[in-house]
Amino acid sequence: MSISKTYEPKATEEKWYSYWLEHDFFRSVPDEREPYTIVIPPPNVTGVLHMGHMLNNTIQDVLIRRARMKGKNACWVPGTDHASIATEAKVVAMLKEKGIAKKDLTRPEFMAHAWEWKEKYGGIILEQLKKLGASCDWERTRFTMEDELSEAVIDTFIHLYKKGQIYRGVRMVNWDPQGKTAVSDEEVIRKEVNQKLYYIRYKVVSPESEVLSQDSAPAYLTIATTRPETIMADAAICINPNDERYFHLHGKTVLIPLINRQIPVILDEYVTMDFGTGCLKVTPAHDLNDYELGQKHNLPVIDILNDDGTLNENAQILVGEDRFAARKKIAVLLETDGYLEKVEEYKSQIGFSERTDAVIEPKLSMQWFCRMDEMAKPALDYVLKGDIKLIPEKFINTYRNWMENVRDWCISRQLWWGQQIPAWYLPNGQFVIAKTREEAFEEAMKLKGESVKLKAEDLKQDEDVLDTWFSSWLWPISVFDGFKDPNNADINYYYPTNDLVTAPEILFFWVARMIMAGHEFRGEIPFKNVYLTGIVRDKLGRKMSKSLGNSPDPLGLIEKYGADGVRVGMLLCSPAGNDLMFDESYCEQGSRFANKIWNAFRLVKGWEVNETLENNNELAIEWFESRFNQALTEIEDFFAQYRISDALMATYKLVWDDFCAWYLEMVKPEYQQPIDRETLNRTVKFFEDILKILHPFMPFISEELWHDEELFGERPAYDCCIVAQLPSNGKINTQLLSDIEIVKQIVTQIRNIRNQKQIAPKEKLALSVKANSAVPYKTYEAIICKSANINHFNIVGDKVVGAMSFMVSTDEFYVPLNETLDPVAECAKLKKDQEYFIGFLRSVNLKLGNERFMSNAKPEIIEVELRKKADAEAKLKIIEENLDALAC
RNA sequence: GGGAGUUUAGCUCAGCUGGUUCAGAGCAUCUGCCUUACAAGCAGAGGGUCACUGGUUCGAACCCAGUAACUCCCA
């Protein structure tokens, strides 16, 4: 029976994925086994698979498959996030295309459209993950806005409110004037942009409103700002009290140009003396730092902007103009009236909304906040004490830095898609927190006391919804219904989960908050290890993004290279915690690897057994067994350290180099010759073990080959590679391993001679060995002869003259050739070696002659040096003898 | 401005608390092979002043100080 010459992934992948599904291999229910649990970082329900997901989910799948094959009850919970801002933006855009404006819809109408959209297009990404081979328990798929999870969100809000952790307050938030919503710090993208720095004069007056005159001319101070349109909101001018240039301004006031409002000059060391003019305009309503400075100095807050970014009446001038138009116009006005001193080009960082790309406006608004300080402390301790490990460790510092300087979390969003805040307002502005209108009414009645005029319909629920992260921080608990039913079998069994695989950019606003929630609601950590992947960049180091168009289509890659190839490709270039420079060629390497495995399989499959043959491959078999067990330990070690790409590389080399290039070549019969039963059986067993260790990385090809009836016999329906138990550590013959390393060197040297002398691999050669060491070369005769195509193998006591020679450690090897040797070239080669060893010996002797070295270095180091010396001397002796023999 | 990190072969990265034969891997490169498992392959080779400058040490890619370049986070 013959199989195709190349591996064809497509049909294989579809076949086995459905087979796994049909046989419930991904399904997990609590039982007596040890659980191993991962909750997926829920992708946005609007999302489509990108390279970041590919990496993330490949790693999770490798971990979960490995756990499954180690006999654990592996449970990978999938799901999606409702992603309030992103989804609402998509729905609004979709409605706009249909000619419907959000403002013309009622809230329930809008929500109906949004749900319809979600049902139709949402969750595509989960289907895409299946193509990658993700072995999630799909029956457990959750959505952060499904009823039960929403209920958990509302309950936790109420719980935290009652504890005093949630409050309502006026705060500076990042305002998106286009989306007309507050956005979190994390949703603000900072970009460096070219701006103009305007130098504006303010007239200095005494507090008594007299214009201060020096030589009867009015005095001015000059400030530098990039936002001249906000001068109408100024509350003060601040200077550094140590600034000698401005001592004369202490206690003075100034007039804001154009509107002539009087504001004080205040002193604070916050001001940098050498930036701009050293005078800072303080605009508490429109700048975060200014706001804090204003709070410190009790300055009034004058907000001159509307929600859409236009100027309001407080501005007095340019009312109704957009902020950017106003900026241009006010510059002209200032110029005309002689207040504009100069304008400079200036580069600075500006925040943009991740969703709408509008310039973020710092804005004071009434928002809901969750206090962080108390919650941060235990969450920090878990990580510092090592209860939760961050991988790589370098993120611990970053984490600590953030947790020690944590700010309260703004949890309200001016959107409709999400969990509506359970706050109910009475007509008089008072509010109550309750789950339903009825409960709110009861609460309100208590508040009102005897006033019976209030009706339930009079209560108005807060229009805002909660931040998406306010639901995803509950994810590891809520997917197991830990809020609805805190003692159910699932949560007790699966929680705390084991590993969380996510991107470092959401370490704070997701990972840290899950840890807080875990502590707050379960008194326990939510997961034991956090593996932080890198950011997927293109090979120029740019972040992959839609706008750059530098992101390959993941499904296209799978189509082209096969899921196994792409998985290998992703892992090959992903060192833990470092960004990875993705290049398609890695996937190509992956698919070539799949093909290599496929062809090795074809070879073994093609062997015919002759039952009468004896096994003469015992050494090769024992060697590979040792090598396999050694590699198994290495791979295990790498996994323990979450060095997944190293584990893959160790597997890759074991299969390609040790198994294919050495072992199969050692045991492979001559063309069309049969093989003995024992060698075939052992080789088939090796292959089966190899399929097992490959499976977590390359699930499809390993499963496909696993079911080959010719090699493995017919397997029962549930005997699948996906649930096979990984091989356990076996014995390692270290002597044999090191001997074979020497054998490999000999073979390489002979191949090298062939290469140099242009001798075809087919042509047989003779080899003489003059052994000066204890290596039993006779034992390895068969292997050497086969691998190097030698037909005469002699152990000799004397040097062989007129032959090509080389040394491996201190043993000498001779390959006689038909042609006569070029003595000049041989001499030159020997002399070069001699020179090297003389130099080497000199440096070793220098070390050994150094009294300080001898008295300071550890004994084992000295021993090594002595061995080096003896070795080099022995080699030099041989080289000299050879030089003599050649008479040069 | 504050904090964290990076800099080792053409590329992507290893190199554990300083000490085996003058730094390793994969890919890429070069040379030679269509040697019937695989040319998506085989065999072999070349390639590095470990960013720079000082210091500590018998000994530094590794420790310390400074410099430069880049990246990320926070403001």
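In what follows, every chain begins at residue 1, and chains take the letters A, B, ... in the order their sequences are listed.
- Distance from the side chain of A:R643 is smallest for B:A14 among the nucleotides B:A14, B:G26, B:A40.
- Within the structure, a side-chain polar atom (N or O) of A:K668 is placed less than 4.0 Å from OP1 or OP2 of B:A37.
- Checking A:K744 against A:Q589, the closest nucleotide of RNA chain B that is more toward the 5' end is the one next to A:Q589.
- Here A:K653 does not reach the OP1 or OP2 of B:A14: none of its side-chain N or O atoms lies under 4.0 Å away.
- Distances from the side chain of A:K5 to the nucleotides B:G44, B:A39, B:A4 place B:A39 closest.
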### Query
Which string of ( ) [ ] | and . matches RNA chain B, if you list each base 5' to 3' and count Watson-Crick or G-U pairs only when both distances are under 3.5 Å?
(((((((..((((.....[....)))).(((((.......))))).....(((((..]....)))))))))))).
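- Which of B:G19, B:G26, B:A43 sits closest to the side chain of A:I861 comes down to B:G19.
- Note on A:N401: only backbone sugar-phosphate atoms sit closer than 4.0 angstrom, heavy atoms only; bases stay farther off.
- Between A:L572 and A:S645, the closest heavy-atom pair is O-CB, 4.4 Å.
- Comparing B:A28, B:C38, B:A75 by their nearest atom to the side chain of A:R592 picks out B:A28.
- Salt bridge annotation for A:K877-A:E880: absent, with no cationic side-chain nitrogen under 4.0 angstrom from a carboxylate oxygen.
- Nearest nucleotide to the side chain of A:A661, out of B:G5, B:A43, B:C38: B:A43.
- Of the candidates B:U35, B:G41, B:A37, the closest approach to any side-chain atom of A:N599 belongs to B:A37.
- Nearest to the side-chain atoms of A:Y652 among the listed nucleotides B:G26, B:A37, B:G19 stands B:G26.
- When the nucleotides B:A37, B:A25, B:G44 are ranked by their closest atom to the side chain of A:A600, B:A37 comes out on top.
- The local environment of CD in A:E851 is sparse, with at most 12 non-hydrogen atoms from other residues, nucleotides or ligands closer than 6.0 Å.
- A:E665 and A:K786 get closest at one heavy-atom pair: O-CE, 3.7 Å.
- Counted by atom type alone, A:R400 and A:N397 present one or more donor-acceptor pairs between their side chains at under 3.5 Å.
- Rounded to whole angstrom, the span from the CH2 atom of A:W662 across to the C1' atom of B:A43 amounts to 10 Å.
- Contact annotation: A:Y671 does not reach the phosphate of B:A37 (side-chain N/O to OP1 or OP2, under 4.0 Å).
- The stretch residues 850-860 of chain A comes close to RNA chain B through A:N850, A:R852, A:F853, A:N856, A:A857, each having a heavy atom under 4.0 Å from the strand.
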#### Entry: Stepwise side chain to side chain donor-acceptor pair (under 3.5 Å) check, A:N599 with A:R602
CA-CA 5 Å; A:N599 276 292; A:R602 281 180 62 216; 2.7 Å; yes
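- Phosphate proximity of B:G41 to A:W598: absent, as no side-chain N or O sits under 4.0 Å from OP1 or OP2.
- Classified by interplanar angle (parallel below 30°, tilted 30° to 60°, perpendicular above 60°), the ring pair A:F508/A:Y399 is parallel.
- Taking atom CZ of residue A:F508 and atom P of nucleotide B:G3, one finds them 16 Å apart after rounding to whole Å.
- Candidate nucleotides B:A37, B:A75, B:G44 were compared by shortest atom distance to the side chain of A:R407, and B:A75 ranks first.
- Ring orientation note: the planes of A:F687 and A:F659 are nearly perpendicular, at an angle over 60° on the 30°/60° scale.
- Checking the phosphate oxygens (OP1, OP2) of B:G32, no side-chain nitrogen or oxygen of A:K757 falls inside 4.0 Å.
- For A:E863 and A:R867, the salt-bridge test fails: no basic side-chain N is under 4.0 Å from an acidic carboxylate O.
- In terms of heavy-atom proximity, A:W706 sits nearest to A:L691 at N-CD1, 3.7 Å.
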